[in-house]
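As the structure lists them, so they are numbered: ligands from 1, and atoms in each ligand from 1.
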Amino acid sequence: MSDVAGKTVVITGASRGIGEASARLFANQGANVVLLARSESAINAISAEIGDAALAIACDVSSYADMEKAVQTACERYGKIDVLINNAGVIEPISHLATADPAEWAKAIDINLTGVFNGMRAVLPAMIKAKSGTILTISSGAAHNAIEAWSHYCSSKAGAAMLTRMAHLENAAYGLRCMGLSPGTVATQMQKEIKTSGINAVSQLDWDIHIPAEWPAQTLLWMCGTDADAWLGEEISLRDESIRARVGLS
Ligand code: NAP
């Protein structure tokens, strides 16, 4: 497994779900973890449980000013950022194109797509200068498939997947490692919202088939190591049994 001891890892959307599980796992492995989310009390509580290796910063990823300030604060505390995990995301508003609320639709794009750009833009200059850094972005099967009532989500995830390819294209020469992770379906608040919607086949899935948030967290840790270098610039799918075996999840 990757050695992240002493490294600084910024995780967006760390107030619950995959982000929280990742913060706990990376800290457990000796990393400094910077937890970003809008729910300040939630990230403060998780950070307090983790201890000195954690820093919670309230941040709306759709605001570049918030993101830039968070990255600056993290650098002041830990010196530099080694890993950025672009994990923050929303599934609402689940609605057909013909009836979607335009403002809410645009807000989802601001979070799921512009939020990923904001994270990359904020960390890239220092990573390029250091000629070192890893940027992992959570993707989805929805980046590659049209799913009823998820036009905002599918479009934003497709855009975020392209940002991973762009980040690799422009920065691999500096030694930067950029990859995406498509986790499959995960038992988090997001899947509860999907189930409640009752729209499309994903909402009909049995809860038992969703994997725990600890699995993508473990995979993100593995992606920080050289064993994952064969996938630089690409997307890793956790539905792939051979990946699960490689990560040690089977
Ligand atoms: P979740 O439990 O709902 O967590 C989403 C996280 O994103 C929360 O911490 C939330 O925190 C944060 N977030 C949302 N909007 C934000 C904003 N504007 N600024 C900062 N943080 C924000 O869902 P999850 O399943 O762990 O999702 C994590 C990632 O996995 C998402 O990118 C999602 O699209 C992706 N994914 C999930 C599944 C699945 O089946 N669950 C499948 C494929 C991909 P606050 O609300 O406190 O800001």
(message) Using a 4.0 Å cut-off on heavy atoms, what residues surround ligand 1? Order them by chain and number.
(response) Gly13, Ala14, Ser15, Arg16, Gly17, Ile18, Ala37, Arg38, Ser39, Cys59, Asp60, Val61, Asn87, Ala88, Gly89, Val90, Ile111, Ile138, Ser139, Ser140, Tyr153, Lys157, Pro183, Gly184, Thr185, Val186, Thr188, Gln189, Met190, Gln191

(request) Go through the steps to decide whether Ser62 and Thr114 satisfy the test side-chain contact (heavy atoms from CB on, under 4.5 Å), and finish with yes or no. (result) CA-CA 6 Å; Ser62 67; Thr114 310; 5.8 Å; no

(request) Just do the side-chain contact (heavy atoms from CB on, under 4.5 Å) check on Leu181 and Ile85 with the steps written out, would you? (result) CA-CA 10 Å; Leu181 171 64; Ile85 302 179; over 6 Å; no

(request) Name all pairs fulfilling the salt bridge (charged side-chain N to carboxylate O under 4.0 Å, His left out) condition that reach into residues 212-238, sequence neighbours left out, sorted by first residue then second. (result) Arg177-Asp229, Asp227-Arg246

(request) Show which residues join Trp207 in its hydrophobic cluster (side-chain heavy-atom contacts under 4.5 Å, direct or indirect), or state none. (result) none

(message) Considering only residues two or more places apart or on different chains, which pairs with a residue in residues 81-90 satisfy side chain to side chain donor-acceptor pair (under 3.5 Å)?
(response) Lys80-Asp82, Asn86-Thr137

(request) State which residue, out of Val10, Val83, Leu176, Leu84, fulfils the side-chain contact (heavy atoms from CB on, under 4.5 Å) condition with Val123. (result) Leu84

